[in-house]
Colleague: 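The structure is given below, and queries will be raised subsequently.
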Amino acid sequence: MAIRDVTRARATPSGTDDAAVVITDVSKRFRMYRERNQSLKAALMRRGRAHYDEFWALKDVSLVIPRGSTFGLIGENGSGKSTLLKCIAKILQPNSGSIVSTGSMAALLELGSGFHPELSGRENVFLNGSILGLSRRALAERFDEIVDFAGVRDFIDQPVKNYSSGMYVRLGFSVAINVDPDILLVDEVLAVGDAGFQAKCMEKFAEFRAQGKTVIIVSHAMETMRSMCDQVAWLEHGRLQSVGKPDELVDTYVDTGHADRETTAEGATRWGSGEARIERFELLDSHGGAVSAVRTGDTVTVRLHYRTTQPIDRPVFGLAIETLDGVYVWASHTRDAGYVPDRITGNGAVDFTVPRLMLLPGTYDFHASVVDYTTQHTYDFIRRVHRFDVDHGSPRESGGIVSLGGTWGNLTGPEQLPAHVDRVDP
Amino acid sequence: MTLRSTDARGVRELLVNLTLREVRGKYKRTALGQLWSLLNPLATMVIFTIVFGQLLRVEVEPGDPSGIDVFALWLMCGLVPWTFMSNAVTTGMSALVANANLVTKVYFRREVLVAATVFSWNVTLAMELLVLAVALLLFGAMPLPWLPLVLVLVVLLTAFALGVALMLAVANVYFRDTQHFLSIFMQFWFYATPIVYPVTLVPDTVTFLGVSWPVDTIYRLNPLERFVTAFRALLYDNRLPELADVMYCLGSAAVALGLGWLVFRRYEPRLAEEL
């Protein structure tokens, strides 16, 4: 395994001359107040001494982030990766150690966080831009680009409170990405908007990297990290575990970082209390034969075989589909569908039948679950329980994920020659 | 190694933009818009004139040398600066907590938030002073030559309010009691300042518990007393204020701003995690 350890990463031959950010022995302590009510009375009662527990969100972290690289920070929730990002962004100040960054910096920690709901999109672009550090002149120059990128041209003079949440984050992202810093800090904001907008974002990031700018990303989307990053640092409980190439490190992380979860043969992860378990997942065609590849428009049935260790009242079975890069395509569970058995015992199976599979060609993953009626308690959840390919079928549509099965027609115009319209018969 | 927003021009632009946000956001979705900023003091003026001028019959001396004798205008010459200070300090104090989402997500000079809130009230103050000047003209006073000096006082009062707001904004992050405490303190402060009654009503000494207290001296420690007196001298009386009063205004503004700045700088790095 060619993962460089911390000390070797610190002593990379590139040294610190080509570094965008040099992090040296950074520690950050948080105080968890036991009786924090932020009142003067409380402060007086304990005579100025607050009762708190200390907790090291970061401990002796040293890292060199090379200029022009795309650098990922991975780790479980609470591992300190977001804290480290905020320290780099100077939002938080470390208790010890130093962080030296070279070049201008912008942080995409929350999109549109400076928006004033009553002000128009236009006013907010200028406001948010100047909060992020863009001058008025630069903003005026890029205004059209920002608005077009976000796709909110028609609504730009409306108050942003009338925006849909998608428009809101798109505009926020668009302003932030156009700040055009030397170092861009990104925290879990890649998952904004629809697939089309995501593709535009990815393009923008690629452009960014091509210009030799540094991107530092925190994300849970391991596939994205694997494909985007040049280097990844893995944090655990505030300490740096290792630094290395994403291919190797992400695999190691997924394997060991989820040690408490079982990893199934196909690389799926699974968790749950286990009173009910999904024993087998079958994807069947209309004749009941198992298939791994299907076509758009096919009739398919998913059969979930379950086993229980004790009687389970009102269980809820669920299925979801994601694309390989983590776009959440679809989900359904038996509670919303109004199909909840009173009780299951022993072994059995349940079918989910799709009359026409309206997914366009591509590779998709199924997730399957059994949860209780409140959906708050998980008996069993298997991510990526089954991977399948969708091939061209009918309807044949040009791109994207879903098929809408629509038809073109009613051509009108000054010279209609309907005879010349090619008919595509299904 | 700096963000654009930390250099001087960036800070200035950000300050202007945030101030505009405050000004524009204040009366959004109201039919009367910015007119409200004039209607509010007007309503206060009517109420106070009836209560203190008509019912309680507070006697005020005519303007010297302007010669005008209108209680409502005399009142406004003190009330307008007071209202500015009170609003600026109260909202400036809440600026950090109100913008917690920004403070915890974006790095920029945080004092800009407090300053923008304070400066947004300068816009209101300017409008009120303008209307007041016109009203004074109509009633026979001549405040126009004194307006440059009024401007100097406005700058000093703004510095004073900004300093106090900076201190309280930090305190309010750590102790949310601050805002409730302040609203009580503001009431006390209002009546401890000669706005609805003249200074001449304040006795020199009061004997209490067998001790003679120099009430007037204590009373005059209040910086707002000096500010209000100086504003009145310029606007209502149309004469130069006492040099001592102006120096006191200058001194208190410098002390408040300096102290506010130090306190803010000292606690600024930890704001994001305390919010």
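By convention in this document, chain letters (A, B, ...) are assigned in the order of the sequence lines, proteins followed by strands, and residues within each chain are numbered from 1.
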Colleague: For atom CZ of A:Phe55, is the number of surrounding heavy atoms from other residues, nucleotides or ligands below 6.0 Å larger than 12?
Modeller: yes
Colleague: Which heavy-atom pair separates B:Val106 from A:Ile131 by the least distance, and what is that distance?
Modeller: CG1-CG2, 3.9 Å
Colleague: Taking every heavy-atom pair that is under 4.5 Å apart, which of A:Lys86, A:Glu118, A:His116 has the most such pairs with chain B?
Modeller: A:Glu118
Colleague: Counting heavy-atom pairs under 4.5 Å with chain A, which one of B:Asn99, B:Leu20, B:Asn101 comes out on top?
Modeller: B:Asn101
Colleague: Do you know the tightest heavy-atom contact between A:Leu134 and B:Glu13?
Modeller: O-OE1, 4.1 Å
Colleague: In terms of heavy-atom contacts, does CZ of A:Arg209 have more than 12 from other residues, nucleotides or ligands at under 6.0 Å?
Modeller: yes
Colleague: Which bit of A:Glu123 is near chain B, if near means a heavy-atom gap under 4.5 Å: side chain, backbone, both or neither?
Modeller: side chain
Colleague: Which atoms of B:Leu271 come close to chain A, meaning under 4.5 Å heavy atom to heavy atom: side chain ones, backbone ones, both, or neither?
Modeller: neither
Colleague: I'd like to know whether CZ of A:Phe143 has more than 12 heavy-atom contacts from other residues, nucleotides or ligands below 6.0 angstrom.
Modeller: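 Counting neighbours around CZ of A:Phe143, more than 12 heavy atoms of other residues, nucleotides or ligands fall under 6.0 Å, so yes.
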Colleague: Ignoring hydrogens, what is the shortest heavy-atom contact between A:Leu92 and B:Ala272? Give both atom names and the distance.
Modeller: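 In terms of heavy atoms, the two residues are closest at CD2-CB, 3.9 Å.
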Colleague: Quick one: OH on B:Tyr107 to CG on A:Leu132, what's the gap to the nearest 0.5 Å?
Modeller: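 Result: 14.0 Å between the selected atoms.
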Colleague: For B:Val103, is it the side chain, the backbone, both, or neither that has a heavy atom closer than 4.5 Å to a heavy atom of chain A?
Modeller: backbone
Colleague: With distance as the sole test, does B:Glu273 use its side chain to make a donor-acceptor pair with the main-chain N or O of A:Phe30 at under 3.5 Å?
Modeller: no
